[in-house]
There are 2 protein chains.
Amino acid sequence: MALWIQISPGSDKPIYVQIVEQISEAVAKNELATGDKLPAVRKLAAELVINPNTVARAYTVLEQAKLVTTKTGSGTFVSDPKLYSRDAADINMLAERMDTLITRGLNLGLKGGDLAAMFRDRTNKFVGKQKGEEKKK
Amino acid sequence: MALWIQISPGSDKPIYVQIVEQISEAVAKNELATGDKLPAVRKLAAELVINPNTVARAYTVLEQAKLVTTKTGSGTFVSDPKLYSRDAADINMLAERMDTLITRGLNLGLKGGDLAAMFRDRTNKFVGKQKGEEKKK
DNA sequence: AAAAGCGTATTAGTATTCTTAGTACATTAT
DNA sequence: ATAATGTACTAAGAATACTAATACGCTTTT
């Protein structure tokens, strides 16, 4: 598989965050499936011309987010979503971030209904390829 | 009007962000109405026992977000939402943040529909007090 | 005109974050 | 064994972020 990750030096986001986001999105869209192996730390670092530590940090974040499982000596693999044990803290974090987003949307003059509709539309763009579902023909 | 803003030293968020968020939320919930004057930079700083520059920074952020209008020498006032000219950049920013949120939700194992429902529910908690609308009895 | 109240600008110091570098270690695969 | 994997640790430098101190200019009030 070709390398889809690419970092933007001009971005305001740290390199390791860029990696985390791109992999997270790929998993959400099921472009990376359960059990898929991520590039080796040193290999990805070489391709991106960055320090291996930076890639390792990204992988650490992904593991703490329960998105991947690492087996030392073997590699880093996409976790099985069925094993996600989302606790209250996860949901609370999500709710908080939603509120911040809603606040911003309302302050931009959008109506609550429009905001919710926009969110649902964007969700559908993901769900088309979501885990356990298939796009309807 | 009493002072509703309170900062938490133990928070992971910078002081000026805490101020921005609390005022933003107050505006979204219409607890602060159009034309309302915010506390003077020095006054609020004195009450919070922080540097006036920190408050000023918060106000600057709020102004760039078009949430308030500042008139040097006079004060800082809540903007008229009808004058919001939300441009493409605003919407794009919002959409991006939505996508990040959706990604996180899906990766937590939530289904698209559940995510959208959760968002809609939380939106309604705001809309009850939203600008131009009244809570139905 | 003076005084008081307001936001702004500039500068600086401190703390934190990010990235790199180098080395070493433990585990797994070949 | 050898190679490949993730991990741990220390160190260092650079960049960024945050807060503070001070001075300035505009507006309102007196």
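Quantities reported herein were computed from a predicted structural model and do not represent experimental measurements.
Residues satisfying the side-chain hydrogen bond (donor to acceptor under 3.5 Å, both in side chains) test with A:Asn51, not counting sequence neighbours, are A:Asn53. Taking the side-chain hydrogen bond (donor to acceptor under 3.5 Å, both in side chains) definition, one finds that B:Lys13 meets it with B:Glu21, sequence neighbours left out. In terms of the side-chain hydrogen bond (donor to acceptor under 3.5 Å, both in side chains) criterion, B:Thr54 has no residue partners (sequence neighbours excluded). Applying the side-chain hydrogen bond (donor to acceptor under 3.5 Å, both in side chains) test to B:Thr69 and every residue at least two apart in sequence or in another chain returns B:Ser79.
Rounded to 10 degrees, the angle separating the terminal helix axes of the helix from C:dA1-D:dT30 to C:dT30-D:dA1, each built from five base pairs, is 30°.
The side-chain hydrogen bond (donor to acceptor under 3.5 Å, both in side chains) pairs that include a residue from residues 93-106 of chain B are A:Arg122-B:Asp99, where partners are two or more places apart or lie in different chains. For residues 97-120 of chain B, the pairs satisfying ring pair (Phe, Tyr, Trp, His ring centres under 6.0 Å) are A:Phe119-B:Phe119, with sequence neighbours left out.
On the nucleic acid side, DNA chain D contacts chain B at distances under 4.0 Å to non-hydrogen atoms, with the end points of that region at D:dC18 to D:dT27. Mapping heavy-atom proximity under 4.0 Å, the span of DNA chain C touched by chain A runs 5' to 3' from C:dC18 to C:dT28.
At a non-hydrogen distance threshold of 4.0 Å, B:Ile50, B:Asn51, B:Asn53, B:Thr54, B:Arg57 from residues 49-58 of chain B come into contact with DNA chain D. A heavy atom closer than 4.0 Å to some atom of DNA chain C occurs in no member of residues 13-24 of chain B. Applying a 4.0 Å cut-off to non-hydrogen atoms, the residues of residues 62-78 of chain B that approach DNA chain D are B:Thr72, B:Gly73, listed by residue number.
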